[in-house]
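I have placed the structure first, in the form of structure tokens, so that the comments after it can refer back to it.
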Amino acid sequence: MNQLEQLPIPLLQWFQEHARVLPWRSDPTPYHVWISEIMLQQTRVAAVLDYYRRFLDALPTVAHLAAVEEDTLLKLWQGLGYYNRARNLQKAARQIMEEFGGVFPASYEEILSLAGVGEYTAGAISSIAFGIPVPAVDGNVLRVVARITGDRGDILNAATKARMRAALLETMPKQFPGAYNQALMELGALVCLPNGAPLCEQCPAASFCTAYQEGLTGELPVKAPKKARRVEKRTVFLLFHGGRVALRRRPKRGLLAGLWEYPNEVEAGPAALEAWGITPRTLEAGGAGKHIFSHIEWHMHALLAETADDTLPDGWVWADGRELEEVYAIPNAFQAFSDTVSARLRSSL
DNA sequence: AACTCGGGGTA
DNA sequence: TACCCAGAGTT
């Protein structure tokens, strides 16, 4: 790992010149850094920007986050994905209020104890907000380190990750841990690009990078292939009555936990309506949609019905157009039907 | 160690 | 298509 010893000075200099202007960098309080880091988990910078601003506008402090209604919180997170991040954020905010007297904890171990904060995020908050010299090893950093050091270990393997983290801890410039960690990630995001397409001629580490010097940028990093997705054929029921549409809340655990949805079942037909005690007055096909998750693929067909009355199973609700927009958090998986639904709600006014 | 958990940009 | 993204929690 000798190459990493040569990295800090050229990388910090490169970062000074090329760092992107990002909202969470302008005032890096622990709260700001924390919220940004949680939003950025497995999520690109461009996707986070608007959510970050809206979130801090609505919930400017830990106390606000600890006290907010769950539906309001999920609405702020709607479309960002990995919704347990939002629930863990509130769990951690309540930890901070109760265990730490409302003051954001200032040690790596305490930060790591917060819900939704793992090794990476604890390192990022510790180094950026508190100046504690610990690494923050994300996917970018794993790729950068694998290439610079020529490490052929699988970067998804825990031992490989631990080895790289240890090497980074050894060679970290103790005066600028936050800038150094961000510089490593920035290099991965802007220059040391994945899929064998790095921009090595722009890289401050090119002169001592193993992968570049030995022509291995196409082989590194090594990463095990993922298994295939399973396909689910789902029938989505778009049920209307009196200018409103039926929604139900998804279970508290599992996929899209706690969000609202148009009732849907795997390979169901009109018989499902009877089982729910719903009597259709009209019934027609309502279009199709596809949504791809990391591990599941939904192939959806809609059945569209006007119901004879307003009876619904327990816990289901009738939502009007305004509530659909402002109250209920509905995942993007159902986006294919949103035009159909809003058109139907408008036409029945 | 393997699996679950979103959604979208990119080639 | 397939890959990847400022990963964490559960099994």
Side-chain angles (χ1 to χ4, degrees), chain A residues 19-20 22-25 28 32-52 74 77-89 91-92 111-129 135-144 154-162 165 178 180-190 192-198 218 221 223-230 250-259 261 290-298 329-336:
Chain A
R20 288 169 290 182
L22 300 173
W24 44 88
R25 287 179 176 164
H32 291 169
V33 174
W34 174 42
I35 300 301
S36 71
E37 290 300 341
I38 299 298
M39 286 188 172
L40 286 162
Q41 288 171 2
Q42 295 294 289
T43 309
R44 294 168 193 282
V45 166
V48 165
L49 291 172
D50 288 343
Y51 284 91
Y52 177 77
L74 288 175
W77 209 268
Q78 174 183 329
L80 197 53
Y82 288 145
Y83 297 92
N84 272 332
R85 292 185 294 177
R87 266 185 291 273
N88 281 332
L89 217 39
K91 217 178 281 180
I111 294 169
L112 184 61
S113 78
L114 298 174
V117 175
E119 195 172 58
Y120 160 76
T121 303
I125 299 172
S126 298
S127 60
I128 298 169
V137 185
D138 74 335
N140 288 307
V141 177
L142 290 171
R143 182 171 61 254
V144 168
D154 181 347
I155 58 172
L156 294 181
N157 182 288
T160 304
K161 193 172 159 183
R165 184 176 188 278
Y180 190 62
N181 285 334
Q182 292 185 80
L184 280 165
M185 294 187 272
E186 200 85 337
L187 189 68
L190 301 181
C192 196
L193 303 176
N195 299 322
K223 199 169 182 179
K226 317 177 213 179
K227 67 172 211 176
R229 284 185 293 270
R230 70 174 184 272
R250 293 181 59 82
K252 289 188 187 312
R253 300 171 62 88
L255 187 66
L256 304 170
L259 276 74
E261 67 179 359
K290 182 165 84 169
H291 189 77
I292 300 174
F293 301 96
S294 318
H295 55 303
I296 307 173
E297 213 170 304
W298 278 1
I330 300 172
N332 285 13
F334 298 99
Q335 208 166 44

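Per chain, numbering begins at 1; letters A, B, ... match sequence-line order.
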According to side-chain hydrogen bond (donor to acceptor under 3.5 Å, both in side chains), who are the partners of [X], at least two apart in sequence or on a separate chain?
{"X": "Ser127(A)", "answer": "Asn181(A)"}
{"X": "Glu261(A)", "answer": "Arg248(A), Arg250(A), Asn264(A)"}
{"X": "Gln42(A)", "answer": "none"}
{"X": "Glu186(A)", "answer": "Arg20(A), Arg25(A)"}

Which part of the nucleic acid, if any, lies within contact of Ala197(A), taking any heavy atom under 4.0 Å across all strands shown: a base, the sugar-phosphate backbone alone, or nothing?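 Counting heavy atoms under 4.0 Å across all strands, no contact is made by Ala197(A).
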
Counting any heavy atom closer than 4.0 Å, what does Asn332(A) reach on the DNA or RNA strands: base, sugar-phosphate only, or nothing?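 Sugar-phosphate, no base atom in range.
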
[X] [atom1] to [N] [atom2], straight-line distance once rounded to whole Å:
{"X": "Gln335(A)", "N": "dG6(B)", "atom1": "CD", "atom2": "P", "value": "16 Å"}
{"X": "Ile330(A)", "N": "dG7(B)", "atom1": "CD1", "atom2": "P", "value": "12 Å"}
{"X": "Asp50(A)", "N": "dG9(B)", "atom1": "CG", "atom2": "P", "value": "12 Å"}
{"X": "Met39(A)", "N": "dG6(B)", "atom1": "CE", "atom2": "P", "value": "16 Å"}
{"X": "Leu74(A)", "N": "dG7(B)", "atom1": "CG", "atom2": "P", "value": "12 Å"}
{"X": "Asp154(A)", "N": "dA2(B)", "atom1": "CG", "atom2": "C1'", "value": "13 Å"}
{"X": "Trp298(A)", "N": "dG8(B)", "atom1": "CH2", "atom2": "P", "value": "14 Å"}
{"X": "Glu261(A)", "N": "dG6(B)", "atom1": "CD", "atom2": "P", "value": "12 Å"}

Please check this pair: side chain of Trp77(A) against backbone of Gly81(A), looking for a donor-acceptor N/O pair closer than 3.5 Å.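 The answer is yes, because a donor-acceptor pair under 3.5 Å joins these two groups.
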
Strictly distance-based, threshold 3.5 Å: is any side-chain N or O of Arg85(A) a donor or acceptor partner for the main-chain N or O of Met39(A)?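 Yes; at least one donor-acceptor contact below 3.5 Å.
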
Arg165(A): which residues meet the salt bridge (charged side-chain N to carboxylate O under 4.0 Å, His left out) condition with it, sequence neighbours left out?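 In terms of salt bridge (charged side-chain N to carboxylate O under 4.0 Å, His left out), with neighbours along the sequence ignored, Arg165(A) is linked to Glu119(A).
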
Between dC3(B) and dA6(C), how far apart are the C1' atoms? Round to whole Å, please.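 About 22 Å, rounded to a whole number of Å.
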
dA8(C) to dG8(B) separation - P atoms, rounded to the nearest Å: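 These two P atoms come out 22 Å apart once rounded.
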
At under 4.0 Å, does any side-chain N or O of His291(A) touch on OP1 or OP2 of dG6(B)?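 The answer is no; no side-chain N or O of His291(A) sits under 4.0 Å from OP1 or OP2.
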
Hey, does the side chain of His295(A) come within less than 4.0 Å of dC5(B)'s phosphate (OP1/OP2), counting only N and O?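 For dC5(B), OP1 or OP2 has a side-chain N or O of His295(A) closer than 4.0 Å.
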
5' priority, DNA chain B, between Pro331(A) and Asn157(A) [closest heavy atom]: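 Nearest-nucleotide comparison on DNA chain B picks Asn157(A).
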
A correct 5'-to-3' footprint of nucleotides 4-11 of chain C, with B, S and - meaning base, sugar-phosphate only and no protein heavy atom under 4.0 Å, is BBBBSSSS

